[in-house]
Protein chains: 2
Amino acid sequence: MSKPLVTILDDERAIRDMLTDALEEAGFETLSFGRATEFEAALKTTAPDVCLVDLSLPDKDGLTLVHRLALEQGASVIIISGRAQVQDRVTGLELGADDYIIKPFEPAEVVARVRARLRKAAPAPQSTETARFNGWTAHFDRYMLVDDTGSETAFSHAEGEVLRLFLERPKRLISRANMQETLGGAAGESFDRAMDVRISRLRTKLGEDPKNPRLIKTIYGAGYVFLGDVSWG
Amino acid sequence: MSKPLVTILDDERAIRDMLTDALEEAGFETLSFGRATEFEAALKTTAPDVCLVDLSLPDKDGLTLVHRLALEQGASVIIISGRAQVQDRVTGLELGADDYIIKPFEPAEVVARVRARLRKAAPAPQSTETARFNGWTAHFDRYMLVDDTGSETAFSHAEGEVLRLFLERPKRLISRANMQETLGGAAGESFDRAMDVRISRLRTKLGEDPKNPRLIKTIYGAGYVFLGDVSWG
DNA sequence: TCGCGAATCTAACGAATTGTAACAAGCAAC
DNA sequence: GTTGCTTGTTACAATTCGTTAGATTCGCGA
C-alpha cells in the first residue's frame with residue numbers, strides 16, 4: 001500500500017514546514033497550501049486521506065470549508081486553530097471535523113492524531129488477526145491454528161484469549177494474577193483451576209509434550225512464559 | 001435505529017455523573033463504571049459504540065485496557081485523563097485511542113467529540129440497499145444474496161433483519177440481548193431460541209461450514225461477531 | 001537423599017449454552 | 001381446500017468451559 005496522503009492548509013509558512021517535516025518523517029506523503037483557493041483547486045485532482053486545516057485563513061472562511069470537506073470528500077478533517085474557546089471547538093467538531101488541535105501544538109501529537117484518524121478510516125487491521133510462531137499460524141479471525149503442514153485445528157474463544165495474551169507478551173513472565181485479571185476477571189482466587197485447565201487445553205492443541213513443553217512453560221510459583229518467536233501480521 | 005451506547009469508566013463519581021447527564025441530554029444511552037473489572041464484565045454482553053476511559057484507575061492499568069478495547073472490540077475509545085503531557089497523549093493515541101481529552105474538561109466538548117467519533121464509525125448513508133462482503137452481495141431490496149459466480153439465493157425478511165444487523169456492525173460483538181432488542185423486539189424471554197434458528201438458517205444460506213463458520217462467529221456466553229469486510233452501496 | 005506440603009496438570013463430569021432437524025401454526029395465492 | 005413459504009417452537013444433539021478430584025511435579029528442609 002502506498003503512503004497515506006496528508007494535506008496541510010495554513011497561512012503561516014513556519015507551521016506548514018514544521019508539520020510537513022514531522023509528517024514526512026512519520027512516513028506520510030504531504031501536500032501543503034497557504035490559501036484555501038489553492039487547496040480547493042488541488043482537491044479536484046487528489047483525494048487526501050487526512051486534511052489538516054487552520055481556521056484563520058486569509059482568503060476564505062475555514063469553517064465552511066471544513067463543512068464541505070467533511071461532507072463531500074470522505075476525508076478526515078483535523079482543525080488546527082489558535083482559537084481555544086470551548087465553543088469554537090464544539091462548533092468545529094459539530095460542523096464535521098474529526099479532531100480539533102489547539103495552537104501551539106507539539107508535532108508529535110499531531111502525528112499521533114493523524115495516525116488515529118487513519119487507523120479508523122482504513123479497516124481490516126489485519127496485523128492483529130494473525131500471528132506466526134514456531135511452525136504455527138494463529139488466525140484469530142477464524143479461530144484457527146494452522147500447522148506448517150497445513151493441518152488446521154480450531155480453538156475456542158476462551159482458548160483464544162489465552163493464546164492472544166501469550167502471543168502479545170512472548171518470552172516474558174505472565175503471572176497467574178495477571179492472567180486472571182486480563183482474562184475472565186473472575187473474582188475467585190483460591191480454588192480456581194479454570195486458568196490451568198484453559199492452558200492445559202491450549203497446550204494439547206499446540207501438540208505440546210506434557211513432560212517437556214516447548215512453547216508454554218510453567219514457572220512454578222510465579223506464572224507462565226510463552227517461548228516462541230512471534231511475528232504478527 | 002436505537003440510541004448509540006456510550007460507556008464511561010472513571011473512578012470519580014462526580015465525573016461519571018457529569019458525563020452521564022451531558023451525554024443523556026444529548027440523546028445517548030450511557031452505562032458508567034467505577035472500576036475496570038466491572039466494565040470488562042459488562043463488555044462480555046454489550047458492545048458500546050464509544051468508550052470513555054479514565055487512565056488513572058484503581059484496579060487496573062488503563063492503557064492496556066484501551067489497547068485491548070480498540071483492538072478487539074471495534075469501539076471507538078476516548079481517553080480522559082489528568083495527565084497532560086504530550087508524551088502521555090501520544091502513547092495513548094498510539095495504543096489505539098481515538099481521542100484524548102484532558103481534565104478538567106467541558107462536558108459540551110466531550111459530547112461534541114463523542115459525536116465526531118460516531119459520525120465516522122457509523123457509515124450507513126443513503127444506499128442501504130446493497131452490501132458487498134467476502135464474495136457475496138446482499139440486495140435488501142430484492143431479498144437476494146448473489147454469489148460472486150452469479151448464482152442467487154433468496155432470503156426471507158427475518159433472515160434479512162439478522163443479516164442487516166450483522167452487516168451494519170461488522171467485526172463487533174453483537175450480544176444476544178442486543179439482537180433480541182433490535183430485531184423481533186419480542187418481550188425477549190429466556191427460552192427463546194428463535195434467534196438461534198434464524199442465525200442457523202442464515203448460516204446455511206451463506207454456505208457456512210457448521211464446524212467452523214467463517215463469517216458468523218459465536219462467542220460462547222456473549223453473542224455473535226460477523227467477520228467480513230463489508231462495503232455498502 | 002528422602003519426605004512433605006504446596007502448586008500445577010489433566011481426565012472426567014456436568015451445567016449452561018448453542019446448533020439444528022423436525023414439526024406446526026400462520027398466511028398468501030390459486 | 002390445497003399448495004407453498006415463512007417463522008416460531010420443541011426436542012434433542014453438540015459444544016463450551018468451569019469444577020472436581022486424584023495424580024504429578026516442584027521447592028525446600030531434614
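Numbers restart at 1 for each chain; the letters A, B, ... are given by sequence-line order, proteins then strands.
Side-chain contact of Y143(B) with S156(B): a donor-acceptor pair under 3.5 Å is absent, judged by distance alone. For the residue pair T30(B) and R16(B), no side-chain donor N or O sits within less than 3.5 Å of a side-chain acceptor on the partner.
Counting all heavy atoms, side chain and backbone alike, A97(A) lies closest to A116(B) at O-CB, 3.8 Å.
Remark: side-chain polar atoms of T91(B) are paired, donor with acceptor, to backbone N or O of Q87(B) under 3.5 angstrom.
Between the CG atom of L206(A) and the P atom of dC9(C) there is a distance of 14 Å, rounded to whole Å. Remark: C1' of dT7(D) and CE of M195(B) are 11 Å apart, rounded to the nearest angstrom. Rounding to whole angstrom units, CG of residue L202(A) and C1' of dC17(D) are separated by 14 Å. Here dT6(D) presents its P atom at 14 Å from CD of E161(B), a figure rounded to the nearest Å. Here dT15(D) presents its C1' atom at 12 Å from NZ of K217(B), a figure rounded to the nearest Å. For the pair M179(A) CE and dT8(C) P, the interatomic distance rounds to 11 Å; values are reported in whole Å. Note: NE2 (H157(B)) to P (dT7(D)) measures 7 Å, nearest angstrom.
In this structure D196(A) satisfies the side-chain hydrogen bond (donor to acceptor under 3.5 Å, both in side chains) test together with R176(A), R193(A), sequence neighbours excluded.
Contact annotation: R198(B) reaches the phosphate of dG8(D) (side-chain N/O to OP1 or OP2, under 4.0 Å).
Residue order along DNA chain D, read from the 5' end via each residue's closest nucleotide, puts E159(B) first among E159(A) and E159(B). When each of F155(A) and A158(B) is assigned the nucleotide of DNA chain D with its nearest heavy atom, A158(B) is the one assigned upstream, toward the 5' end.
Of the listed residues (W232(A), F226(A), F166(A)), just one forms a ring-ring contact (aromatic ring centres under 6.0 Å, His included) with F133(A), and that residue is F226(A).
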Base-contact (B) and sugar-phosphate-only (S) positions in nucleotides 15-29 of chain C, heavy-atom cut-off under 4.0 Å, - elsewhere: -BSBBB---------
